[in-house]
Amino acid sequence: MESVRQPRDLDRLSRAELDRLAAEIREFLIENVSRTGGHLGPNLGVVELTIALHRVFDSPRDALIWDVGHQAYVHKLLTGRQDFEKLRCAGGVSGYPSRAESEHDIVENSHASTALSYADGVAKAFRLRGLTDRRVVGVIGDGALTGGMAWEALNNIAGGDLPVVIVVNDNERSYAPTIGGLSNHLGTLRTTQGYERFLDWGKNTLARTPYVGGAIYETLHGMKKGLKDIVAPQGMFEDLGLKYIGPIDGHDVDAVESALRRAKAFGGPVIVHVHTRKGEGYEPARADEVHQLHQVNPQTNPETGLPFQVKGTSWTDVFAEEMLKIGNDRPDVVGITAAMLIPVGLHKFAQQYPDRIYDVGIAEQHAVTSAAGLAFGGLHPVVAVYATFLNRAFDQVLMDCALHKAGVTFVLDRAGITGPDGASHHGVWDLSILQVVPGIRVAVPRDAAQVRALVREATDIDDAPTVVRFSKGSVGPEIEAVDRVDGVDILRRAAKPVNEGDLLIIATGPLAGAALAAAEELAAEGVEATVVDPRWVKPVNPALVDLARAHRAVVTVEDNGRVGGVGAAISQALQDAGVLRPTKVLGVPPEFQAHDERPAILARLGLDGPGIAAAGRVLHAQREI
Ligand SMILES: Cc1ncc(C[n+]2csc(CCOP(=O)(O)OP(=O)(O)O)c2C)c(N)n1
Ligand SMILES: CC(=O)[C@@H](O)[C@H](O)COP(=O)(O)O
Ligand SMILES: [Mg+2]
C-alpha cells in the first residue's frame with residue numbers, strides 16, 4: 001500500500017492495480033487486526049466500497065461520514081494514518097474516526113444511526129456557505145438504518161434538495177442478521193437485482209431485434225412501471241422522494257464507482273444501495289455464522305479467527321446463566337436486546353425461551369418504551385444494553401418507565417471505563433443521569449455472587465424500574481462481606497472502636513477490591529479505614545450516613561463520572577443530614593477518556609488501590625485540622 005499515501009493517489013491506479021490494492025488491504029487488516037483486536041469483519045466488507053468512495057469523492061473537501069465508524073479502518077489506511085500496530089491503544093490509531101487524527105474524519109461518534117443527521121447538517125452548512133461544489137456522503141449500515149435517528153434524518157433529507165449521497169452498506173447483518181421490515185425491504189430490493197438485469201437484458205436484446213424490437217421495447221418500457229410493481233414493489237426510498245440507485249455489487253469497484261459517480265452528478269438527495277459481505281475475503285469470518293467476526297479480541301489467530309487464549313468467566317457470562325434460571329422461575333420475565341443478543345448475554349435465555357426474547361434492532365429508545373408496554377401488559381421485561389447506549393434512551397427511561405413506575409429491569413453491561421473502544425463507549429454516565437430519575441433503583445454488583453443476587457432482587461421489584469450495571473470483561477474474585485448492616489455490606493472494619501474510625505471508604509462494584517487494597521496500604525501507615533459496599537446505590541441508603549457519622553472522613557469510589565454520580569449523591573445526603581465530614585469523591589472526570597487499556601485508565605484516574613489510598617492519606621492529614 002506504499003503507493004497510496006493519500007486518496008488522490010488512487011486516481012492513477014488501473015483496475016488491476018486497484019484489485020491488488022484491495023488484496024493488500026485485506027491482508028494487512030487480517031494480520032494487524034488479529035493482533036490488536038478490532039472490527040475485522042465490518043472492515044473486510046468495505047474495502048472496495050471505500051476505495052471507490054475515495055476515487056469518486058474528494059475527501060476532505062467532500063465530507064465522508066461513517067455511521068458507527070467501526071468500519072473506517074480502510075478509510076484511515078487510504079488517508080495516511082500510521083500506527084495501526086497500536087490500533088485502539090493509547091498513542092495509536094483510534095478504532096473509530098477521530099477528528100484529532102485527521103481532517104478526513106468528520107465525525108467520531110461510535111453510537112449508531114447518527115451519520116445521516118450529521119450529513120444533513122454538514123450539507124446545510126455547505127449550502128449556506130456557498131460551497132455548492134462540495135458533496136456530503138453518509139455511509140450507513142443496514143443495522144444502523146434500523147435506528148430511529150436514521151429515519152428522522154431520512155425524513156429531512158428526502159424532504160429537501162440537498163446533494164446528500166446516502167450509501168447504504170447492506171451486508172444483511174448487524175452483529176446477527178438484521179431484523180425487521182426494513183431488512184425485509186432491502187432484501188426485496190436485492191432480489192430485484194435480477195429484475196433490473198432482466199430489464200437491461202430486455203432493452204439491449206430488443207434494441208438489436210430488427211423491425212419489431214423497438215415496438216416491443218416501448219411496450220415493455222411502458223410496462224416497466226407496472227411490471228416493477230408486480231415483480232418488485234416501488235422502492236420505499238423512492239416513495240420517500242429519494243432517488244434510488246442499486247442494488248450494486250459492493251465488491252465490484254467499477255460498479256460501485258459508476259454508481260457513486262451517478263449519485264455525485266445527481267446533485268440532490270440520493271441513496272446508493274450497496275450489497276456487501278461482512279468478512280469478505282477471509283474464510284474464518286465468512287464461516288462465522290454467529291457474527292462473521294464483527295469483532296475479534298487482541299491476539300487472535302489469523303489462521304482461524306479464534307483467540308489464542310480463552311478468557312475467564314465474564315460478567316456477561318454470569319448474567320447469562322442467572323437470566324436462564326430466572327427464566328425458569330419466572331414465566332413473566334422476558335428479554336429485550338437492541339441487536340446485541342450475544343454481547344449482552346441474552347442468547348442462552350433466547351435459546352431456552354425463544355418466544356420470550358425480543359430483538360428490536362439498534363433501537364434502544366424503542367426497546368425501553370416497548371419494555372414499559374410489556375410491563376403494563378403484565379410481564380417483567382429485562383432490557384439488556386451496554387451502559388453507554390442507554391444514554392440515548394434517557395427520556396424513555398425517565399418518562400415512559402419511571403413516571404409510570406413500570407416494573408422494567410435494565411441490565412447495563414460494559415458499565416464503567418471499558419478501554420479500547422474509547423470515548424464514546426465508556427459506560428461512565430449511567431450512574432449520573434439515573435440520579436435524576438425519580439423512583440428508579442440502581443444496583444452495582446462487586447462480583448459474580450452479587451450479580452446473581454442483585455439481578456434476582458431487581459427482577460423481583462415490579463413497582464419501579466430497576467438497574468443492575470456491571471463492567472466489561474472477566475469478573476474478578478469473590479469479595480466476601482464480614483457483615484451486612486441495614487443492606488450495606490461491610491467488607492472491612494477499621495481496627496479501632498466505633499466512632500474512632502479514621503476513614504470510611506464507600507466503594508461501588510468491582511472497585512471494592514481496589515478499596516480493600518487501599519485500606520491495607522493505609523493501615524500500614526496507621527490510618528484505619530472501614531470499607532463498605534452499598535450494593536444498591538440509588539436511593540442512597542441512610543445507613544451510609546450513620547456509618548459516616550462514626551468516621552472522621554469519607555472517600556467514595558465509583559467507576560462512573562464524578563459529576564453527579566454516586567459519590568455526589570452520598571455527599572449530598574451527608575450534607576442534608578448535617579453530617580459534615582471531609583469527603584473525597586473519586587470517579588471519572590468529565591473529560592472524555594481516550595481509548596486505552598482499562599487498568600491504565602483506572603490508575604490514571606486514581607480509581608485503583610494506590611489512588612484511593614492517596615485520597616485517604618490526604619483526608620487523614622485533614623483530620624488533625
Ligand atoms: C446506539 C448503538 N447501539 C448499539 C451499538 C453496537 N453496535 C456497533 S456496530 C453494530 C452493528 C452495526 O450494524 P451495521 O450498521 O449494519 O454495520 P456493519 O457492522 O454490518 O458494517 C452495533 C449493534 C452502537 N454502536 N450504537
Ligand atoms: C462498534 C460497537 O459499538 C461494538 O462492536 C463494540 O465495539 C463492542 O464492544 P465490546 O467489545 O465491549 O463488546
Ligand atoms: Mg450491516
Side-chain angles (χ1 to χ4, degrees), residues 37-47 49-50 66-74 87-88 94-97 108-116 138-150 167-180 182-183 186 250 274-280 285 291-298 307 311 314-316 337-345 359-368 384-393 413-427 470-474 595 598:
H39 292 91
L40 185 52
N43 281 281
L44 289 169
V46 296
V47 174
L49 171 59
T50 310
W66 301 87
D67 201 287
V68 182
H70 63 309
Q71 77 293 57
Y73 300 177
V74 184
L87 178 64
R88 300 170 16 123
S94 166
Y96 300 92
E108 53 189 89
N109 181 357
S110 67
H111 287 207
S113 318
T114 61
L116 303 189
V139 182
I140 185 166
D142 54 306
L145 209 48
T146 60
M149 263 189 80
V167 176
V168 176
N169 173 32
D170 175 9
N171 53 24
E172 306 180 43
R173 301 179 80 96
S174 279
Y175 279 72
T178 308
I179 63 99
L182 169 77
S183 171
L186 289 175
V274 178
H275 190 208
T276 63
R277 290 177 294 277
K278 214 168 202 177
E280 175 69 2
H291 289 159
Q292 296 188 327
L293 295 190
H294 173 85
Q295 176 153 359
V296 293
N297 291 324
K311 288 195 173 265
S314 70
W315 294 88
T316 315
T337 176
M340 299 178 78
L341 184 75
I342 296 177
V344 298
D359 178 352
V360 297
I362 310 180
E364 286 83 2
Q365 294 171 325
H366 171 68
V368 172
V385 294
Y386 284 10
T388 189
F389 300 140
L390 186 75
N391 298 351
R392 67 168 40 177
D413 199 331
R414 281 26 177 215
I417 291 285
T418 52
D421 270 307
S424 58
H425 268 67
H426 297 307
F470 46 74
S471 306
K472 170 171 183 165
S474 303
H595 44 272
R598 175 178 160 85

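Note that ligands are numbered from 1 as they come in the structure, with each ligand's atoms numbered from 1 the same way. Heads up: numbering here begins at 1 and tracks the sequence.
An N or O contact shorter than 3.5 Å links G143 to ligand 1 by distance. Ligand 1 has an N or O atom lying under 3.5 Å from an N or O atom of K278, backbone or side chain. In terms of N/O distances under 3.5 Å, ligand 2 is not approached by R88. Between D421 and ligand 2, at least one pair of N/O atoms sits closer than 3.5 Å. Distances between N or O atoms of R414 and those of ligand 2 include at least one value under 3.5 Å. Considering backbone and side-chain atoms together, E364 places an N or O closer than 3.5 Å to an N or O of ligand 1. Considering backbone and side-chain atoms alike, N171 places an N or O below 3.5 Å from some N or O of ligand 1.
With respect to H111, the side-chain contact (heavy atoms from CB on, under 4.5 Å) criterion is satisfied by exactly one of Y386, Y96, F389: F389.
Ranked by closest heavy atom to atom 9 (S) of ligand 1, the top entry among H291, H111, R392, H294 is H294. For atom 26 (N) of ligand 1, the candidate residues are A112, A115, A367; the nearest heavy-atom contact is made by A112. Distances from atom 6 (C) of ligand 2 to the heavy atoms of H111, H291, H425 show the closest one on H425.
Atom 13 (O) of ligand 2 has as its closest protein heavy atom Y386 OH, 2.6 Å.
Of the N and O atoms on the side chains of S183 and T178, not one donor lies less than 3.5 Å from an acceptor on the other residue.
Under 4.0 Å from ligand 1, heavy atoms of D142 appear from its side chain as well as its backbone. Within the 4.0 Å heavy-atom criterion, the part of S110 lying near ligand 1 is the backbone and not the side chain. For T418, no heavy-atom contact with ligand 2 is shorter than 4.0 Å.
Of all the atoms in ligand 1, the ones that sit under 4.0 Å from a non-hydrogen atom of G141 are 14 (P), 15 (O), 16 (O).
With respect to the Mg ion (ligand 3), D142 has OD1 as its nearest N, O or S atom.
For Q71, the heavy-atom gap to ligand 1 stays at 4.0 angstrom or more.
At a threshold of 2.8 Å, the Mg ion (ligand 3) has no backbone or side-chain N, O or S atom of G45 nearer than that distance.
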